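Start at 1 with the first residue, then count along the sequence. The structure presented is a predicted model; accordingly, all values stated were derived computationally and were not measured.
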Amino acid sequence: MVQLKILVGNRELNKMIRELELILYFEDFFTRKRNLESSSELPSEIICFQILPRLPSKSLMRFKCVCKSWSSLVQNPSFADAHQSLHRNKLTHLRLTIWDTATRQQHFLSVQINQDGSPTPAIHLLNLPTMSNDHRLYNAQSTNGLVCLYLSNTLSHDHTLAYLDPPNFIFNPCTRESIILPHASPPYCTSHITYHFGFSPLTNEYKVLQVQTFRPHDSIPTDLTFMFKMFKLGTSLWRRLEIDLNHLAFDPLECPFKVQGVCINGAIHWMHWKENVVVVFDIGDEKFRVIPLPQDYICFIHRILGEVMRNVLEVDGYLALIGDKKLMTLQNMMALWILKDYQNQVWVRKTIMLPHCWRALGCLVPLRTIHNGELLLQSTVLRVHGPPGHVRVHVYNMESKSFSESEIGLPSEWTFRNDARLKLVASYDDNIVPLR
């Protein structure tokens, strides 16, 4: 076996060398084994799609610099699919955001939740400038490992187009690659623009749905309508969707498109505010439909930091609803309705007993399940606790019916920043899929 004996002072390079030696070891082992059997060499397919995909994403990103062939391999969609299938349900990454009032910068941090449930210290991913006279922050919506960063805008005809359509991004936290979504000029008198990110496993496509709410010319101020546009990853333009609002199975004016939806089973879901349905937008066929709510469901609309939060979420791969605020505030219990049979629309009700008063816990609401099956809970605010520079997050084990807390270490520059707003915005899994 070839030995690499290069002495360098750089720790990362030494780590890269050790990983290369491991690959060469596996290659040598399987080659010797096959030579004993048939005197043939180890097929490159085994090296490229069975050995290399087992390495962590950070290692693969370093290996892209070794040679052009390895760089092309890592960016191959088939290789990315093989890597994701081998690493699925092994790690979860939390995405935190901090807004620095002094520099008017919004920073995004990443925290890895290990297999045993322990978190690693937070690391800095990227920062985005906020608009000069605007306190709105970028939202983050994650699906299948990619993250869409967008501003949810309330607009008027007095603003310029540059303000109406600020840059929005699709970002891969594993590869640190990002793309800016193309400019899509809104119609005159647009009042609101939101973005919803989804992935269709049937078509293997990532798409962004843009929902524009506007008032047509020469209409009364309350006469609002919608325009829907679609952007597919790998293309360069938005497409307008021809959707007949009169033939929708729900009232679009009462659908909370301003609230972030949740993507499950290749579709984005919202809870309708007036009708007893979940609004569904299929990423593949680009059409709307509805799912009836369970008969005993009691709607619950929650606010975190002044924002209306979604009450739909993903629980172990299933669509779930948060409901019944009275249980939380009076009996310290949390009710979940889980859509166990998506096709036949069979709901199952689960009840979670909180360890303390709901408000004392920071008004916790479920966010999603992580790789080990535990339910991640989102608080109204992430408070810094001792030791200095640490924040606590809560999880709930669905099997043992027990709560636990984890402390996340923040970078030193955020340890004593009382003027910074800290928020948990998303979670994501490893995915090295290229964006271009």
Side-chain angles (χ1 to χ4, degrees), residues 139 141 143-144 146 148 150-157 161 164-170 179-275 277-292 310 312 319 342-343:
N139 297 299
Q141 185 173 358
T143 180
N144 204 39
L146 302 186
C148 182
Y150 62 95
L151 278 175
S152 181
N153 301 299
T154 301
L155 311 167
S156 71
H157 65 275
L161 284 180
L164 289 175
D165 195 21
N168 300 286
F169 308 85
I170 295 179
I179 60 171
I180 298 178
L181 298 182
H183 178 81
S185 299
Y188 182 76
C189 288
T190 298
S191 62
H192 208 279
I193 300 179
T194 55
Y195 298 84
H196 305 279
F197 190 36
F199 172 74
S200 173
L202 295 179
T203 60
N204 197 32
E205 293 176 328
Y206 295 86
K207 295 181 180 179
V208 181
L209 173 67
Q210 184 192 72
V211 182
Q212 299 181 6
T213 308
F214 66 99
R215 178 172 55 84
H217 293 287
D218 302 323
S219 62
I220 61 177
T222 57
D223 187 13
L224 295 177
T225 188
F226 295 89
M227 180 184 295
F228 300 94
K229 292 185 178 181
M230 180 65 67
F231 174 79
K232 184 174 74 172
L233 188 62
T235 63
S236 58
L237 296 173
W238 291 91
R239 292 183 291 106
R240 181 172 177 177
L241 301 182
E242 299 299 331
I243 296 177
D244 188 346
L245 300 179
N246 296 320
H247 286 81
L248 293 177
F250 60 94
D251 181 2
L253 291 175
E254 299 296 339
C255 183
F257 290 121
K258 298 178 183 179
V259 179
Q260 185 182 111
V262 59
C263 184
I264 298 175
N265 295 330
I268 304 174
H269 303 76
W270 300 268
M271 171 71 68
H272 199 278
W273 280 342
K274 296 292 185 180
E275 303 171 28
V277 295
V278 174
V279 177
V280 182
F281 178 80
D282 192 283
I283 298 297
D285 62 22
E286 301 178 354
K287 294 181 180 179
F288 284 101
R289 54 188 175 85
V290 297
I291 297 177
R310 67 187 184 198
V312 295
L319 179 69
Y342 194 85
Q343 296 300 324

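Relative orientation of the His269 and Tyr342 rings is perpendicular, given thresholds of 30° and 60° on the angle between their planes. Aromatic ring pairs are classed by plane angle as parallel below 30°, tilted from 30° to 60° and perpendicular above 60°; the pair Trp270 and Phe288 is tilted.
Contact check for Glu275 versus Glu254: no side-chain heavy atoms found under the 4.5 Å cut-off. Side-chain contact check for Ile291 versus Val277: every heavy-atom pair is 4.5 Å or farther apart. With a 4.5 Å cut-off on side-chain heavy atoms, Ile243 and Phe226 do not count as touching. A heavy-atom distance below 4.5 Å is found between the side chains of Gln210 and Ile193. Annotation: side chain of Leu181 is in contact with side chain of Val208 (closest heavy-atom distance under 4.5 Å). At a threshold of 4.5 Å between non-hydrogen side-chain atoms, the residues Ile268 and Thr143 do not count as touching. Two residues are said to be in side-chain contact when any heavy atoms from C-beta on lie closer than 4.5 Å; Trp273 and Asp251 fail this criterion. With a 4.5 Å cut-off on side-chain heavy atoms, Val279 and Phe281 do not count as touching.
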>> Please evaluate residues Asn265 and Leu319 with respect to the criterion side chain to side chain contact (heavy atoms under 4.5 Å, CB included), reporting the C-alpha separation (whole Å), side-chain torsions for both, the decisive distance (0.1 Å), and the verdict.
In response: CA-CA 9 Å; Asn265 295 330; Leu319 179 69; over 6 Å; no

>> Please evaluate residues Leu224 and Leu253 with respect to the criterion side chain to side chain contact (heavy atoms under 4.5 Å, CB included), reporting the C-alpha separation (whole Å), side-chain torsions for both, the decisive distance (0.1 Å), and the verdict.
In response: CA-CA 8 Å; Leu224 295 177; Leu253 291 175; 4.0 Å; yes

> Can Leu245 and Thr225 be said to form a side chain to side chain contact (heavy atoms under 4.5 Å, CB included), step by step?
Replying inline: CA-CA 9 Å; Leu245 300 179; Thr225 188; 3.4 Å; yes

> For Ile264 and Val262, what are the C-alpha separation, side-chain angles and deciding distance, and is it a side chain to side chain contact (heavy atoms under 4.5 Å, CB included)?
Replying inline: CA-CA 6 Å; Ile264 298 175; Val262 59; 4.1 Å; yes

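Among all heavy-atom pairs drawn from Gln141 and Gly261, the shortest one is NE2-O, 3.3 Å. Here the closest non-hydrogen pair linking Gly266 and Pro201 is CA-CD, 3.7 Å. Here the closest heavy-atom approach between residue Ile283 and residue Gly198 is recorded as CD1-CA, 3.9 Å.
Expressed to the nearest 0.5 Å, how far CG of Leu146 lies from CD1 of Ile170 amounts to 7.0 Å. To the nearest 0.5 Å, the span separating NE2 on His196 from SG on Cys263 amounts to 12.0 Å. Here the NZ-CE distance, from Lys207 to Met230, works out to 5.5 Å after rounding to the nearest 0.5 Å. A distance of 8.0 Å separates CG in Asn204 from CG in Asn144, rounded to the nearest 0.5 Å. Here CG of Leu241 is found 6.5 Å from CG of Leu209. Values are rounded to the nearest 0.5 Å.
Centroid-to-centroid, the aromatic rings of Phe169 and Tyr150 stay 6.0 Å apart or farther. Side-chain rings of His183 and Trp238 stay apart, their centers remaining 6.0 Å or farther from each other. Between Phe197 and Phe231, the distance from one ring center to the other does not fall under 6.0 angstrom.
The ring pair (Phe, Tyr, Trp, His ring centres under 6.0 Å) search around Tyr206 returns Phe199, not counting sequence neighbours. Checked against side chain to side chain contact (heavy atoms under 4.5 Å, CB included), Leu237 has no partners two or more places apart in sequence or in another chain. By the salt bridge (Lys or Arg N to Asp or Glu O under 4.0 Å) test, Arg239 is found to be paired with Glu286, residues two or more places apart in sequence or in another chain being considered.
Thr194 places a side-chain N or O within donor-acceptor distance of the main-chain N or O of Phe257, the cut-off being under 3.5 Å.
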